[in-house]
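Because only heavy atoms are used, hydrogens play no part in the values below, and waters and symmetry mates are left out as well, while side chains stay in. Throughout, a chain's letter reflects where its sequence line sits, starting with A, and its residues are numbered from 1.
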Number of protein chains: 2
Amino acid sequence: MALEHAILVSLTERAGSGYELARRFDRSIGYFWPATHQQIYRVLRRMDEAGWVKHTEIAQDGRPDKKVYRVAAAGRAELSRWLAEPEDPAVLRDGLGVKLRGASLGAADVVLKEIERHRAEHATRLEVYRGIQKRDFPKPSTLHGRDLHQYLVLRGGVRAEESFVAWCDEVIDALRKDNR
Amino acid sequence: MALEHAILVSLTERAGSGYELARRFDRSIGYFWPATHQQIYRVLRRMDEAGWVKHTEIAQDGRPDKKVYRVAAAGRAELSRWLAEPEDPAVLRDGLGVKLRGASLGAADVVLKEIERHRAEHATRLEVYRGIQKRDFPKPSTLHGRDLHQYLVLRGGVRAEESFVAWCDEVIDALRKDNR
DNA sequence: GCTACCTATGCAACCAGTTGCACTGCACCT
DNA sequence: AGGTGCAGTGCAACTGGTTGCATAGGTAGC
């Protein structure tokens, strides 16, 4: 599994506190590996005990002390071990499919509304991703190394949302026609 | 949440035993809501205790007795309650994105191989879905009601796999070019 | 002055899902 | 005779993730 590894990747790019990591996860990495601060704190402590990361306590005035974590040698080893290890392809798990399957039970109109709602939410996410793409990667063909990888991950998000929205449109259209 | 509801939907379509449900999940519903037999047995018992389903023990010769479950009134009520309830859009969670982000750490070639492997697996899944589509829904425009919903769910699977494979191709191409 | 939100950490309880195993008996292959 | 695989049920232990709460001082708006 991979929250550990997601954290290692993020900390390798830049050291940071649990809180900061949670912020980062809310943005980039969390788009394809969401995590809450509780989970991050817990895993960080475990990784600290295992020697994968080390922390330095930093006193701040006006706000609580923070522990800044950085990747230790054992963490780097673990990360490259994991990178080389084959991983099971992710499965999709979306309750919306179940609801659609259940729509024949007289609730077709409610389910239709729900799908429209999901469409809107995914469309918003898509706009966010496209905004980031335009702002941070205006010239994709010039990218190399880490920047390229980051761009490609974002492209994955864009594609996933695009295809989801297109599917919603297909479903909405078909359900409307079937209703008449 | 929804394993309960996935089971209710499946049992509403047709009564069945835990084992049969697990088989069904391996096919249709499991494509977007995977579940193992253990999980299904456990949830079935819980739902039985809650009065959402009822079972009849059926003796069979040559093989173990089975408990055939059918949806009770409370289960139908719960299902329509859930169908009307708004659901959080699913998040994607794929370790491959994390690996790609970690590819800058000298492991670019290993990660490339891993992405090729995932591409192959998703392409296989896609072929399976397309096969089902051709076999079970040769004329989509004539579909209505439950058949239509089932078809649309399958379309979701097809679209998701298509877009994933296309993303893999984009990534593979970009990484190869970057390697040179 | 009050509410609300941000930085910052953390505990505890819970829920859902995974993994490994156990038992029975038939059918099929080698 | 032995292995594999299917049909059928189930327990136990574990892991990963979610939710609710606690603490604490600072900032910003009404």
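- Position along DNA chain C of the nearest nucleotide to A:Val68 versus B:Pro34 favours A:Val68 as the more 5'-ward residue.
- Taking atom CZ of residue A:Arg46 and atom P of nucleotide C:dG10, one finds them 14 Å apart after rounding to whole Å.
- Among the protein residues, A:Gln38 comes within range of the nucleic acid bases, having at least one heavy atom under 4.0 Å from a base atom.
- Under a 4.0 Å N-O distance rule, the pair B:Arg23/B:Asp26 qualifies as a salt bridge.
- If you check C:dT18, D:dT18, C:dA8 against the side chain of A:Gln39, the one that comes closest is D:dT18.
- Taking atom OH of B:Tyr41 as the reference point, atom P of C:dG17 lies 18 Å away to the nearest angstrom.
- Here D:dA7 is the nucleotide among C:dT19, D:dA7, C:dG17 with the atom lying nearest to any side-chain atom of B:Tyr19.
- The side chain of A:Gln60 places no N or O atom within less than 4.0 Å of a non-bridging phosphate oxygen (OP1 or OP2) of C:dT7.
- Between the CZ atom of B:Arg93 and the C1' atom of D:dG16 there is a distance of 9 Å, given to the nearest Å.
- Residue B:Ile40 contributes atom CD1, which lies 17 Å from atom C1' of D:dC11 at whole-angstrom precision.
- Nearest-nucleotide assignment on DNA chain D puts the 5′-proximal partner with B:Tyr69, out of B:Tyr69 and A:Thr36.
- When distances run from any side-chain atom of B:Trp33 to the nucleotides C:dG17, D:dT9, C:dG10, the shortest one goes to C:dG17.
- Ion pairing between B:Arg155 and B:Glu162 fails under the 4.0 Å rule for side-chain N and carboxylate O.
- Mapping A:Val43 and B:Lys66 onto DNA chain D by nearest heavy atom places B:Lys66 at the nucleotide closer to the 5' end.
- The distance between atom NE2 of B:His55 and atom C1' of D:dG8, rounded to the nearest whole Å, is 14 Å.
- Looking at heavy-atom distances under 4.0 Å, B:Arg45 makes contact with sugar-phosphate atoms alone, never a base.
- A sub-4.0 Å separation between OP1 or OP2 of D:dA7 and a side-chain N or O of B:Ser17 is absent.
- Comparing A:Pro64 and A:Arg42 against DNA chain C, the residue whose closest nucleotide sits nearer the 5' end is A:Pro64.
- One interatomic measurement links the two molecules: CD1 of B:Ile58 to C1' of D:dT9, which rounds to 15 Å at whole-angstrom precision.
- When the P atom of C:dA16 is taken as reference, atom CD1 of B:Ile7 falls 12 Å away, rounded to whole Å.
- Between atom OG of residue B:Ser163 and atom NE2 of residue B:His122 there is a gap of 10.0 Å, rounded to the nearest 0.5 Å.
- Atom CD in B:Glu57 sits roughly 20 Å away from atom P in D:dA7 (whole-Å rounding).
- Atom NE2 of residue B:His5 and atom CD of residue B:Glu85 lie 7.0 Å apart, to the nearest 0.5 angstrom.
- Considering CD1 of B:Ile172 and CG of B:Leu112, their distance stands at 6.5 Å, rounded to 0.5 Å.
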